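Ligands are counted one by one from 1 in listed order, and the atoms in each one are counted from 1 as well. Note that this is a predicted model, so its numbers are computed, not measured.
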Amino acid sequence: MTKPKALATRPLFSQARAILEQYCEVEYWMEPQRIPRTELLERARDKDALVCLLTERVDQELLDAAPRLRIAATVSVGYDNIDVAACTRRRVIATNTPGVLDETTADFAWTLLMAIARRLVEGDSWTRSGTWPGWDLDQLLGADVHGKTLGIVGLGRIGRAVARRARGFDMRVLYFDPLRLSPEIESELRVEFVPLDDLLRQSDFVTLHVPLTPDTRHLISTGAFRKMKPTAYLINTTRGPVVDEAALADALEERRIAGAALDVYEREPEVHPALILRKDVILAPHLGSASIETRTRMAVMAATNVAALVEGRRPANALNPEALGL
Ligand code: GLV
């Protein structure tokens, strides 16, 4: 019996390849640059399965170009790159990779928080430049993290992992989420629910962990920056469009907030030019889940979702199981 055909838009990792190749005849995009859209549409034409990245759009155009497609498995937890409703109409299962990257992404949010508060990137540049004159009393003074108030916007899996880290720093933790947790979970996590406006007004650090949806696009814009403390920092490791970058640049220029540490951007890989010039901003290249262990787990999860479908089972991470009536 011939195996179903799969396209993987990256060579993935050997553990994931081994799973995928057991179930599918796999074509990999091997070039160092990302797969161009025209190539994706062309190569998807005769494929039953697609393993893709968050940088590839799975939309009506792609579904029309790939009439045999049965599954689109993105190697990411965020799935704003997939038009799930269009997939469901075409009876294509869409899957993502939740759960395996929470701790790694929380580690990175914490890295950014510490680095912006303590001006690590500025300090690194100074030390390398050869112009640092040696220790002095008032050099690159930052802000303490311990004992401060942390505001977590979106208390899902990653937001909760961030909340746990804050305990070790004796922080007061506020959260806002459209779904309020039970009092038991709130007290276990030692977090307090507040409306978003209160969170913005009271927090010394605001960290974003909501998915990108029509409701969260530009959630943090001019109005939000007006409410934040002039000493507060913004950390964004979710999706760029949750923050209005032009409004952020203005807020920094007007010193409405003290700084921002970003891992994601509105139009990746472009960054708002006004942010590039600023020392009170850290710009990371979308590294939230980028540890070898976690990226391997994510690729294996995507491959396992494809394997399940080929075997006639419901993929564990199906976003639209109703697509197959499974
Ligand atoms: C990364 O941004 C992801 O969604 O997994």
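- Using modelled atom types, no side-chain atom of N317 and backbone atom of T95 make a donor-acceptor pair closer than 3.5 Å.
- Checking side-chain atoms of R160 against main-chain N and O of L155 turns up a donor-acceptor pair under 3.5 Å.
- The shortest heavy-atom contact between D102 and A161 is O-CB, 4.0 Å.
- The closest donor-acceptor contact from the side chain of D244 to the backbone of A246 lies under 3.5 Å.
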* Asked: Between Q139 and W126, does a side chain to side chain donor-acceptor pair (under 3.5 Å) hold up when you go through it step by step?
  -> CA-CA 11 Å; Q139 283 172 357; W126 196 16; over 6 Å; no
Measure from every N or O atom of ligand 1 to the protein's N or O atoms and keep only the pairs below 3.5 Å, writing each with atom names and distance to 0.1 Å.
from, atom 1, to, atom 2, distance (Å)
ligand 1, 2 (O), R239, NH1, 2.7
ligand 1, 2 (O), H286, NE2, 2.7
ligand 1, 4 (O), V77, N, 3.3
ligand 1, 4 (O), G78, N, 2.8
ligand 1, 4 (O), R239, NH1, 3.4
ligand 1, 4 (O), R239, NH2, 2.7
ligand 1, 5 (O), V77, N, 2.8

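- Within 6.0 Å of atom NZ in K3, more than 12 heavy atoms from other residues, nucleotides or ligands are found, so the atom counts as buried in its surroundings.
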